[in-house]
Protein chains: 2
Amino acid sequence: MNRDLRLSWTDVRDRIQARIFDRTYAPGDKLPKDDEIAEDFGCARSTVQRAMQDLSQSGIVERRRKGGTTVRADPVTRATVDIPITRREVEERGCKYDYQLIRREMEIAPKSVLARFGMKVPISLLHIEALHLADNRPYILEDRWVCTTTVPEIMNVDLAQKSANEWLVRNKPFSRCDMSFYATKASHDVAAQLDTELGDALLVIERTTWIGSEPITTVQAVTSPGYQLFTQG
Amino acid sequence: MNRDLRLSWTDVRDRIQARIFDRTYAPGDKLPKDDEIAEDFGCARSTVQRAMQDLSQSGIVERRRKGGTTVRADPVTRATVDIPITRREVEERGCKYDYQLIRREMEIAPKSVLARFGMKVPISLLHIEALHLADNRPYILEDRWVCTTTVPEIMNVDLAQKSANEWLVRNKPFSRCDMSFYATKASHDVAAQLDTELGDALLVIERTTWIGSEPITTVQAVTSPGYQLFTQG
DNA sequence: AAGTGGTCTAGACCACCTT
DNA sequence: AGGTGGTCTAGACCACTTG
């Protein structure tokens with residue numbers, strides 16, 4: 001076999017993608033099975049499998065055992081978002097990072113918070129409010145609830161020095177994370193703390209994490225005006 | 001070799017992840033090389049490789065040839081977002097979908113639009129404004145620019161019947177997509193078209209796509225009040 | 001220059017799903 | 001019940017990067 005003609009899995013992926021682009025395989029169409037594509041391209045089936053795995057993960061095709069591979073009829077635009085530790089994010093912008101703890105109390109969680117955890121029975125959680133600053137200006141205001149049954153150690157952490165954000169991500173990895181993004185109008189309180197105008201439009205990043213089926217924390221991060229979230233790659 | 005003890009790559013991934021969770025391997029630490037882990041677990045190196053590939057994609061570890069595998073020192077929370085065709089999104093909510101073309105004209109693109117394409121020389125693009133409705137109520141207001149040199153066929157499409165959104169995604173797949181999310185205050189015009197209050201906080205989804213290095217389209221989708229974007233599993 | 005991850009192959013068997 | 005994708009193995013070679 002000529003080595004110069006050997007195809008890599010990215011080559012295979014690109015060629016198949018090209019055939020989808022030019023509608024040789026149109027949305028909804030079934031692709032040949034891996035074996036046939038492999039023979040067609042003169043490569044091993046596992047190479048095709050690797051290519052298909054990538055196309056499947058990108059949301060371009062759907063694969064089913066016995067059902068074969070089909071081009072997604074309703075393509076979705078899939079993107080990944082990276083949310084770094086806030087301190088890192090600020091420092092990477094070349095700004096000075098500061099952090100202020102505003103509040104830290106055990107409280108009965110309101111229904112809206114319990115709902116994010118999928119819980120019904122009211123329980124007492126650690127409620128934290130904190131402000132992240134970039135170059136001495138308010139950057140993100142976070143309103144967080146931590147489940148102290150899952151993370152009892154948090155009670156011994158000095159949250160005036162290090163943000164719960166940072167401590168948790170370094171010490172309590174999660175196995176599941178739900179996020180959502182939405183816009184909100186700055187309330188009187190929020191406007192005061194973010195040093196902005198009442199009624200300003202602000203992006204909110206809401207995050208809830210679990211380890212196994214145990215809730216860890218849920219947080220609403222209200223960003224300062226003009227904040228923009230970008231996708232990766 | 002006992003088959004019941006055979007490990008799948010997900011088993012290997014989970015065990016390594018567990019060791020990262022319990023800080024056997026702490027952030028910044030170097031993991032043993034694949035060969036050693038494979039021998040340790042009694043599986044093939046490619047199985048370890050598959051597991052590592054997944055951990056790497058999740059942003060948990062970083063891998064470098066010769067450099068080995070290390071636990072990311074600054075963990076990022078990585079999430080994926082799916083943006084379906086608007087019609088699909090509305091229908092999946094069980095609502096009736098409608099669509100109105102508001103404007104369709106060739107225009108010289110303003111600098112802000114050119115910047116999204118990374119272009120400097122002003123050129124004429126197809127400017128489209130359209131409204132998507134759910135159950136007869138405004139849902140998303142889109143402001144789109146299409147590059148007619150890359151997609152000349154768009155000129156022959158009846159955009160009063162089918163949204164550019166839908167036609168493009170079905171007929172012009174892209175190879176690259178940049179997205180960003182931010183909040184904006186409803187201007188007088190936007191408020192009127194979305195049938196909401198002046199100054200309401202609205203989530204904007206901005207998207208720009210290319211095929212190879214050729215720009216296809218860029219769109220600002222202004223969502224109606226209360227719109228929320230969720231991440232996928 | 002050498003070490004480590006990345007990929008390819010060929011073959012086997014498994015698991016899930018559709019028919 | 002059978003077909004198709006998913007995974008595992010063992011071995012070989014490649015490609016990137018660091019010491």
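Proteins come first, then strands; the chains are lettered A, B, ... in the order of their sequence lines, and each starts at number 1. Reckoned from all heavy atoms, side chains included, excluding hydrogens, waters and symmetry mates.
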Q. Listed by chain and number, what are the ring-ring contact (aromatic ring centres under 6.0 Å, His included) partners of B:Y97, not counting sequence neighbours?
A.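 Per chain and number, B:Y97 pairs via ring-ring contact (aromatic ring centres under 6.0 Å, His included) with B:H132.
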Q. Can you list the residues that meet the ring-ring contact (aromatic ring centres under 6.0 Å, His included) rule with B:F117, with sequence neighbours excluded?
A.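 Residues passing ring-ring contact (aromatic ring centres under 6.0 Å, His included) with B:F117: none at all.
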Protein-nucleotide distance ([X], atom [atom1]; [N], atom [atom2]), rounded to Å:
| X | N | atom1 | atom2 | result |
| --- | --- | --- | --- | --- |
| A:D54 | C:dT7 | CG | P | 10 Å |
| A:D11 | C:dG6 | CG | P | 18 Å |
| B:Q53 | C:dT7 | CD | C1' | 11 Å |
| A:W9 | C:dT9 | CH2 | C1' | 17 Å |
| B:M52 | C:dG6 | CE | P | 9 Å |
| A:F41 | C:dC8 | CZ | C1' | 16 Å |
| B:L7 | C:dC14 | CG | C1' | 16 Å |

Q) Hey, can you pull the residues of residues 12-20 of chain A with a non-hydrogen atom under 4.0 angstrom from DNA chain D? A)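 Within residues 12-20 of chain A, no residue comes under 4.0 Å of DNA chain D.
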Q) Any side-chain N or O of B:Q49 less than 4.0 Å from the OP1 or OP2 oxygen of C:dG6? A)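 Checking B:Q49 against C:dG6: at least one side-chain N or O falls below 4.0 Å of OP1 or OP2.
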Q: Verify the contact: side-chain N or O of B:T47 to OP1 or OP2 of D:dT9, cut-off strictly under 4.0 Å; return yes or no.
A: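 Yes, within the criterion.
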Q.
Please enumerate all residues that pass side chain to side chain donor-acceptor pair (under 3.5 Å) together with B:Y99, with sequence neighbours excluded.
A.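 Not a single residue meets the side chain to side chain donor-acceptor pair (under 3.5 Å) criterion with B:Y99.
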In chain order, what residues pass the salt bridge (charged side-chain N to carboxylate O under 4.0 Å, His left out) check against [X], with sequence neighbours excluded?
| X | result |
| --- | --- |
| A:R176 | A:D178 |
| B:D98 | B:K96 |
| B:R87 | B:E91, B:E166 |

**Q.** Pairs involving residues 36-49 of chain A, ordered by first then second residue, that meet salt bridge (charged side-chain N to carboxylate O under 4.0 Å, His left out) (sequence neighbours left out)
**A.**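 Salt bridge (charged side-chain N to carboxylate O under 4.0 Å, His left out) check on residues 36-49 of chain A returns A:R19-A:D40, A:D35-A:R45.
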Q: Any pair with a residue in residues 144-158 of chain A that passes salt bridge (charged side-chain N to carboxylate O under 4.0 Å, His left out), sequence neighbours left out, goes on the list, sorted by first then second residue, please.
A: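 Qualifying pairs: A:E142-A:R144, A:E153-A:K172.
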Q.
Is it true that B:Q228 and A:S180 share a donor-acceptor pair across their side chains at a distance under 3.5 Å?
A.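 Yes, B:Q228 and A:S180 have a side-chain donor paired with an acceptor closer than 3.5 Å.
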Q: Scan A:S46 against the nucleic acid and name what it touches under 4.0 Å (heavy atoms): base, sugar-phosphate only, or nothing.
A: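 A:S46: base contact, heavy atoms under 4.0 Å.
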Q) Strictly under 6.0 Å, is that where the ring centroids of B:Y227 and B:Y139 end up? A)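 Between B:Y227 and B:Y139, the centre distance is under 6.0 Å.
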Q. Among residues 24-35 of chain B, which residues get a heavy atom nearer than 4.0 Å to DNA chain C?
A.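 Correct list: B:K33, B:D34.
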**Q.** Stretch residues 55-70 of chain A: residues that reach within less than 4.0 Å of DNA chain C through a heavy atom
**A.**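 Here the set is A:R64, A:R65, A:K66.
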Q: Among residues two or more places apart or on two chains, list those pairs meeting side chain to side chain donor-acceptor pair (under 3.5 Å) that have a residue in residues 48-57 of chain B.
A: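 Applying side chain to side chain donor-acceptor pair (under 3.5 Å) to every pair that reaches into residues 48-57 of chain B, excluding sequence neighbours, yields B:R13-B:D54, B:Q49-B:R63.
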Q: Assess whether one donor atom and one acceptor atom, taken from the side chain of A:R45 and the base of D:dG6, lie less than 3.5 Å apart.
A: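 Side chain to base: pair found, below 3.5 Å.
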